[in-house]
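Below is one structure, written out as structure tokens; comments come after it.
For reference, positions follow the sequence shown, starting with 1.
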Amino acid sequence: MKVNQAEIVISAVSEKQYPQEQYPEFALAGRSNVGKSSLINKLINRKNLARTSSKPGKTQTLNFYLINESLYFVDVPGYGYAQVSKKERAKWGGMMEEYFKNREPLRAVILITDLRHEPTTDDVQMYDYLKFFELPVIVIGTKLDKIPKTKKDKHIKRSKKVLEIDPDDIFIPFSAETGEGKDAVWGAIKSFIAEERP
């Protein structure tokens, strides 16, 4: 997809702040510092629309990015960062549950994992959490460029096995450095835009 327009519209903490337009939405979930911002920036060919940070746990709101005035990427707070207080984590949890449970325009959740490593307990919990809400999930294994080509299939197989990925869900190996997997991600997004969520 050729992206001509991309802007952050609002950082929301509750339902009443969500955008009113009913454009299809794709939430991006993943551990803090797994590369969510790099993925967004690569998909839209921009260097810094989504701010990357060396400080994990920085995203504390639901950040709505309007793309081509036709769909939203929604960056949700990263998980698995120990230095965030329990109270703060509970607040994020409530905010995300409200969104995942009630948001009509949400078409699918893009779950970002690090392909170099086995998915963490937090990754598995997040995947199970999304499936509890019966949401379609596009799993993206990042850092593909850091894995030798001969080991690529082994890493993909391991990730799918550990997550116990639903056969209907999509798994895409991806590199924000080389752009490999970018067209596949856009292809998956377009397939969900074409069909209405039940």
Side chain to side chain, [X] and [Y], heavy atoms closer than 4.5 Å:
{"X": "Leu135", "Y": "Tyr129", "value": "no"}
{"X": "Ile140", "Y": "Leu39", "value": "yes"}
{"X": "Val3", "Y": "Asn45", "value": "no"}
{"X": "Ser159", "Y": "Glu118", "value": "no"}
{"X": "Ile172", "Y": "Ile170", "value": "yes"}
{"X": "Phe64", "Y": "Leu62", "value": "yes"}
{"X": "Phe192", "Y": "Pro136", "value": "yes"}
{"X": "Tyr72", "Y": "Pro19", "value": "yes"}

(request) Could you go through the side chain to side chain donor-acceptor pair (under 3.5 Å) check for Thr142 and Asp114 one step at a time? (result) CA-CA 5 Å; Thr142 60; Asp114 186 334; 4.9 Å; no

Closest heavy-atom pair and its distance - [X], [Y]:
{"X": "Pro24", "Y": "Arg107", "result": "CB-CG, 3.8 Å"}
{"X": "Glu69", "Y": "Gln5", "result": "N-OE1, 2.8 Å"}
{"X": "Gly141", "Y": "Leu115", "result": "C-CB, 3.8 Å"}
{"X": "Tyr23", "Y": "Pro105", "result": "O-CB, 3.2 Å"}
{"X": "Gln22", "Y": "Glu104", "result": "OE1-CB, 4.3 Å"}
{"X": "Met95", "Y": "Pro77", "result": "CE-CG, 3.6 Å"}

(request) Verify salt bridge (Lys or Arg N to Asp or Glu O under 4.0 Å) between Asp123 and Arg31, making sure each step is shown before the conclusion. (result) CA-CA 7 Å; Asp123 291 330; Arg31 285 195 329 280; 3.0 Å; yes

(message) Suppose we screen for side chain to side chain donor-acceptor pair (under 3.5 Å). Which residues come up paired with Ser175, at least two apart in sequence or across chains?
(response)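 Only Asp145, Thr178 meet the side chain to side chain donor-acceptor pair (under 3.5 Å) criterion with Ser175.
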
(message) For the CD atom on Gln17, are there more than 12 heavy atoms of other groups (residues, nucleotides or ligands in this structure) within a distance under 6.0 Å?
(response) yes

(request) For this output row, return yes or no: ring centroids of Phe26 and Trp186 closer than 6.0 angstrom. (result) no

(message) In this structure, is the centre-to-centre distance between the rings of Tyr18 and Tyr99 below 6.0 Å?
(response) yes

(message) If the threshold is 4.0 Å, N to carboxylate O, is there a salt bridge linking Glu25 and Arg103?
(response) yes

(request) Could you tell me whether Asp75 and Lys36 make a salt bridge, using a distance below 4.0 angstrom between a side-chain N and a carboxylate O? (result) yes

(message) Between Phe174 and Lys42, is the side chain to side chain contact (heavy atoms under 4.5 Å, CB included) condition met? List the steps.
(response) CA-CA 10 Å; Phe174 179 85; Lys42 193 69 183 178; 4.0 Å; yes

Rounded to the nearest 0.5 Å, what separation is found between the [atom1] atom of [X] and the [atom2] atom of [Y]?
{"X": "Asp169", "Y": "Phe171", "atom1": "CG", "atom2": "CZ", "answer": "11.5 Å"}
{"X": "Gln20", "Y": "Ile10", "atom1": "CD", "atom2": "CD1", "answer": "9.5 Å"}
{"X": "Leu163", "Y": "Asp128", "atom1": "CG", "atom2": "CG", "answer": "8.5 Å"}
{"X": "Lys190", "Y": "Asp183", "atom1": "NZ", "atom2": "CG", "answer": "8.5 Å"}
{"X": "Ile67", "Y": "Asn4", "atom1": "CD1", "atom2": "CG", "answer": "11.0 Å"}
{"X": "Asn41", "Y": "Tyr65", "atom1": "CG", "atom2": "OH", "answer": "7.5 Å"}

(request) Taking Glu180 for its side chain and Leu144 for its backbone only, find out whether a donor-acceptor pair lies under 3.5 Å. (result)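 No, because the side chain of Glu180 does not come within donor-acceptor range (under 3.5 Å) of the backbone of Leu144.
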
(message) Looking at Thr61 and Val13, would you say the former's side chain and the latter's main chain have a donor-acceptor pair under 3.5 Å?
(response) no

(message) Show, in sequence, the C-alpha distance, side-chain angles and deciding distance for Val139 and Ile112, and conclude whether the side chain to side chain contact (heavy atoms under 4.5 Å, CB included) test is met.
(response) CA-CA 6 Å; Val139 181; Ile112 302 149; over 6 Å; no

(request) Output, in order, the C-alpha distance, side-chain angles, deciding distance and verdict of side chain to side chain contact (heavy atoms under 4.5 Å, CB included) for Val74 and Asn63. (result) CA-CA 5 Å; Val74 185; Asn63 296 327; over 6 Å; no

(message) Within the 3.5 Å criterion, strictly below it, is a donor on Asp166 or Tyr127 matched to an acceptor on the partner's side chain?
(response) no

